There are 2 protein chains.
Amino acid sequence: MSSIQLVLLSLLAREPLSGYDMKQQMKGRINFFYKINNNQLYPALSKLETEGLVQLQSYERESYRPAKKIYKITDMGIERLKEWVIKPSEPGNWDEFLLMQYNSWLVAPEVLIRIMEDRKREHEQRIKEYRVKVAALREQNERLTSENPLFSSVALIEMGILFESSCREWCDKMIDCLKKNEM
Amino acid sequence: MSSIQLVLLSLLAREPLSGYDMKQQMKGRINFFYKINNNQLYPALSKLETEGLVQLQSYERESYRPAKKIYKITDMGIERLKEWVIKPSEPGNWDEFLLMQYNSWLVAPEVLIRIMEDRKREHEQRIKEYRVKVAALREQNERLTSENPLFSSVALIEMGILFESSCREWCDKMIDCLKKNEM
DNA sequence: TTACTCATGTAAAAGGTTACATGATTAC
DNA sequence: GTAATCATGTAACCTTTTACATGAGTAA
């Protein structure tokens, strides 16, 4: 299943929406996050419909305007989403991970806790690797001034370490919230 | 200029390389970061060559193997890269920001400091927005259990806050390093 | 024998972006 | 009168991914 289709299903799993509504929701980076694509949305919706993962619920006609086609997810659609969410994702695909998290409410807490614990170990592993890398670069040159390409390299890896640390921290927090079953 | 071309220029600004070498460097996520594309690399290289931003430096022939074509960046290529680096990038494009940082050694520290200070303000702004958003969601429901879609929504925004915080922290660090001109 | 590495490259397919078309309405 | 909003959708283009092709060598 393509990522757009998964995004559409993820939105419809929460509430029935029209294509236009979904586009609007995806515009705000806060409400949603995925790199937003404009208008292969409608073909994707039709495809979901022919596959039976989504169905037309109603038309909302407001006087002069074109009719709004409200879609809802089917049981089959929900099932497909659930399967995708617990499927282990390859590391490094950030958007996919966020999308999976967005659907985490569909999954039993115990399962999620296990996923988060694995995830946490991955982040810790990467932090270690980055530290080794930085140490290696630092050893080569004792003074890294800002005209040195390695200045930029080290800076980037330091960013990586901060990023991975925040991921680890978040995993901890999530595990905590899941255990007491409250956010 | 396309992003692949910028990535290739960024690598060549540091040292002459063959297409294959660049591909290898991009494989490891630590050394480089960009979502790595396979093989429109060669067309992109040729295009850079015809535009005069890159030139063939030498052939490295090792016995039986196909000759390695080593490219180096031209003065014009360096100029183009420098122009691109200081050009203000629209917020939200993470990969582009990392690529810009990867080339930061080409830019005068004073200029970079200004860029980082702007950037820091952006992150702070976004943190504020996220906090408002979380508060709004929390008010709607007093208890957010894990089967509630809002549980996932809040979790995602919390991740956003942690992410933006690590960006802000990094900006601070960078400004500091740039001021004392040492990493 | 099979599979992988080195190194170049091409072709086809999938995915994504931009621009356009419709048509009534509201705001400047 | 111009532009924007609401809502659907299509067409053309550009980018990205996947797969293939070559061909010697090396490791299981």
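Just so we're on the same page: letters track the sequence lines, and every chain starts at 1. Given the structure is predicted, the values throughout are model-derived calculations rather than measurements.
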Any residue meeting side-chain hydrogen bond (donor to acceptor under 3.5 Å, both in side chains) with [X], in chain and number order, not counting sequence neighbours:
X: A/Lys173; answer: B/Glu158
X: B/Asn148; answer: none
X: B/Arg80; answer: none

Quick check on [N]: is either OP1 or OP2 less than 4.0 Å from any side-chain nitrogen or oxygen of [X]?
X: A/Ser3; N: C/dG15; answer: no
X: A/Tyr20; N: D/dC6; answer: yes
X: A/Lys69; N: D/dG9; answer: yes

Where at least one partner belongs to residues 41-60 of chain B, residue pairs that pass side-chain hydrogen bond (donor to acceptor under 3.5 Å, both in side chains), sequence neighbours excluded = none
Expected rows: protein N/O vs nucleotides 18-20 of chain D N/O, under 3.5 Å:
| from | atom 1 | to | atom 2 | distance (Å) |
| --- | --- | --- | --- | --- |
| D/dA19 | N6 | B/Asn39 | ND2 | 3.3 |

Return the minimal non-hydrogen interatomic distance between A/Glu96 and A/Trp84, and the atom names on each side.
-> CG-CZ2, 3.5 Å
Rounding to a whole Å, what distance do you find between [X]:[atom1] and [N]:[atom2]?
X: B/Glu49; N: C/dG9; atom1: CD; atom2: P; value: 9 Å
X: A/Lys27; N: C/dT17; atom1: NZ; atom2: P; value: 14 Å
X: A/Lys47; N: D/dG9; atom1: NZ; atom2: P; value: 17 Å
X: B/Leu45; N: C/dT8; atom1: CG; atom2: C1'; value: 11 Å
X: B/Lys23; N: D/dT16; atom1: NZ; atom2: C1'; value: 14 Å
X: A/Asp95; N: C/dG16; atom1: CG; atom2: P; value: 11 Å
X: B/Gln5; N: D/dC14; atom1: CD; atom2: P; value: 14 Å
X: B/Met1; N: D/dT15; atom1: CE; atom2: P; value: 13 Å

Could you go step by step and tell me if B/Glu122 and B/Arg126 meet the salt bridge (charged side-chain N to carboxylate O under 4.0 Å, His left out) rule?
-> CA-CA 6 Å; B/Glu122 279 172 31; B/Arg126 240 171 283 163; 3.6 Å; yes
Measure from the side chain of A/Tyr42, starting at C-beta and using heavy atoms only, and say which of C/dG15, C/dC6, D/dG9 lies closest.
-> D/dG9
Overall bend - the helix from C/dT1-D/dA28 to C/dC28-D/dG1, comparing terminal axes fitted on five pairs, nearest 10 degrees = 30°
Using the test salt bridge (Lys or Arg N to Asp or Glu O under 4.0 Å), find all partners of B/Arg131 that sit at least two apart in sequence or belong to another chain.
-> none
DNA chain D: 5'-proximal contact among A/Lys68 and A/Pro43 (nearest heavy atom) | A/Lys68
Which is true for B/Leu41 with a 4.0 Å heavy-atom rule: it touches a base, it touches only sugar-phosphate, or it touches nothing?
-> nothing
Name each donor-acceptor pair under 3.5 Å that joins a side chain in residues 174-183 of chain A to protein atoms two or more places apart or in another chain, with its distance.
| from | atom 1 | to | atom 2 | distance (Å) |
| --- | --- | --- | --- | --- |
| A/Asn181 | OD1 | B/Ser146 | N | 3.0 |
| A/Asn181 | OD1 | B/Ser146 | OG | 3.0 |
| A/Glu182 | OE1 | B/Arg143 | NH1 | 2.8 |

Please identify each residue that fulfils ring-ring contact (aromatic ring centres under 6.0 Å, His included) with A/Phe97, with sequence neighbours left out.
-> A/Trp94, A/Trp170
